[in-house]
Peer 1: 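Below is the structure I would like to discuss, written out as structure tokens.
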Amino acid sequence: MEIFHTGDEHWAIYVGGGEVLHLDPISECPRADSSSTYSSGNIRAVVKQEHVRYAVGSCLYRVNNYLDQVYRLRPVNEIISSAREMIGAQLEYCVKDRKYKHFVTHLRYGTACSRQFCEEPEPGDLINIYNIVSKHWAIYVGGGDVIHLAPLSEDSEAGSSSISILSRRAVVKQERLQDVVNGYHYQVDNYWDQWYTPRLVSKIISSAKEKIGQVVEYSVLDWKHKNFVTHLRYGMANMAQFCEEPEPG
């Protein structure tokens, strides 16, 4: 399960009976929207089993087993038993190194998640960028460039951007992928291809380039950056499948 928090994304594995098991960072200050605690500065986390509503809080989540197309999943009983054996264990933890995702993918597949991180994208691919401030999305247009919504600070002009959860406007920009990523992990994430047919690459790129320079209303909380790129790839905004009922494992 992929859980979308305001400042980061989090992963858990469903073990049945409305319960999930996940890495819960150890911190003195709890999040307001969850019983769990989160901080980019945490160095330890405890393996915890709790009801999905407490792990998720008021956030959106989705069932995301996209690596099933690459790895063979372990038998469900093995996944669950391995997960429960870990309850109470304390592990080193850092938001930036995606340890929580590696933890659950290791349980499901017997291997830590490594696929598609920092790989070479193809034109028209959706790029999921994992930074500390928020999860961000862009669309690859070739030649090392992406087009994305770049949030504007109140004192910036349309030609410059600053990533901020407080930004109320964003400009459509074409920039170097490596400049937008800025040292963080990124992932080619065409997750919705299994339900929707992508538009022709030429149409995706021409539509994206037509929007360069446009200034739009923006909020990290409404996922407008993701809606923007999914509309370009599929001809429609982000299609939900959020908060669906998970199966154990």
Peer 1: Does anything in residues 193-205 form a salt bridge (Lys or Arg N to Asp or Glu O under 4.0 Å)? List the pairs, not counting sequence neighbours.
Peer 2: Asp193-Arg233

Peer 1: Any idea which heavy atoms bring Pro123 and Gly142 closest together, and the distance?
Peer 2: CG-CA, 4.2 Å

Peer 1: Can you tell me how far CD of Glu19 sits from CD1 of Ile80, rounded to the nearest 0.5 angstrom?
Peer 2: 11.5 Å

Peer 1: What closest approach, in Å, do Phe228 and Val172 show between heavy atoms, and which atom pair accounts for it?
Peer 2: CZ-CG1, 3.7 Å

Peer 1: Search all heavy atoms of Pro121 against all heavy atoms of Leu177 and return the closest pair with its distance.
Peer 2: CG-CD2, 4.2 Å

Peer 1: Using modelled atom types and a 3.5 Å cut-off, is there a donor and acceptor pairing between side-chain atoms of His136 and backbone atoms of Leu149?
Peer 2: yes

Peer 1: Test of understanding: with side chain to side chain contact (heavy atoms under 4.5 Å, CB included), list the residues that count as partners of Gln178, not counting sequence neighbours.
Peer 2: Tyr186

Peer 1: Enter the distance from Leu21:CG to Phe103:CZ here, rounded to the nearest 0.5 Å.
Peer 2: 5.0 Å

Peer 1: Between CG of Asp125 and CG of Asn190, what distance do you get to the nearest 0.5 Å?
Peer 2: 4.5 Å

Peer 1: With side chain to side chain donor-acceptor pair (under 3.5 Å) as the test, pick out the partner of His22 among Gln49, Lys48, His10.
Peer 2: His10

Peer 1: Nearest 0.5 Å, please: how far is OG in Ser81 from CE in Met86?
Peer 2: 12.0 Å

Peer 1: Quick one: are Tyr14 and Val63 in side-chain contact, heavy atoms under 4.5 Å?
Peer 2: no

Peer 1: Grab the two heavy atoms, one from Ala138 and one from Ile129, that are nearest each other, plus how far apart they are.
Peer 2: CB-CD1, 4.4 Å

Peer 1: Once rounded to the nearest 0.5 Å, what's the spacing between atom CH2 of Trp137 and atom CG of Asp189?
Peer 2: 4.0 Å

Peer 1: Under the side-chain contact (heavy atoms from CB on, under 4.5 Å) test against Ile147, which residue among Lys173, Lys209, Glu175 passes?
Peer 2: Lys209

Peer 1: Name all residues meeting the salt bridge (Lys or Arg N to Asp or Glu O under 4.0 Å) criterion together with Arg176; count only those two or more places apart in sequence or in a different chain, and write none if there are none.
Peer 2: Asp145

Peer 1: How far does CG of Leu232 sit from NE2 of His148, to the nearest 0.5 angstrom?
Peer 2: 13.0 Å

Peer 1: How would you list, by chain and number, every residue that makes a side chain to side chain contact (heavy atoms under 4.5 Å, CB included) with Val52, sequence neighbours excluded?
Peer 2: Met1, Val20, Val56

Peer 1: Where does the angle between the aromatic ring planes of Trp195 and Tyr191 fall among parallel (under 30°), tilted (30 to 60°) and perpendicular (over 60°)?
Peer 2: perpendicular

Peer 1: Name all residues meeting the salt bridge (Lys or Arg N to Asp or Glu O under 4.0 Å) criterion together with Glu122; count only those two or more places apart in sequence or in a different chain, and write none if there are none.
Peer 2: none

Peer 1: Can you name the closest pair of heavy atoms from Ile204 and Gly124 and give their distance?
Peer 2: CG2-CA, 4.1 Å

Peer 1: With sequence neighbours excluded, give me every salt bridge (Lys or Arg N to Asp or Glu O under 4.0 Å) pair touching residues 77-90.
Peer 2: Arg74-Glu78

Peer 1: Can you classify the ring geometry of Trp192 versus Tyr196 as parallel (below 30°), tilted (30 to 60°) or perpendicular (above 60°)?
Peer 2: tilted

Peer 1: Ala55 and Ile3: which non-hydrogen atoms are nearest, and at how many Å?
Peer 2: O-CD1, 4.2 Å

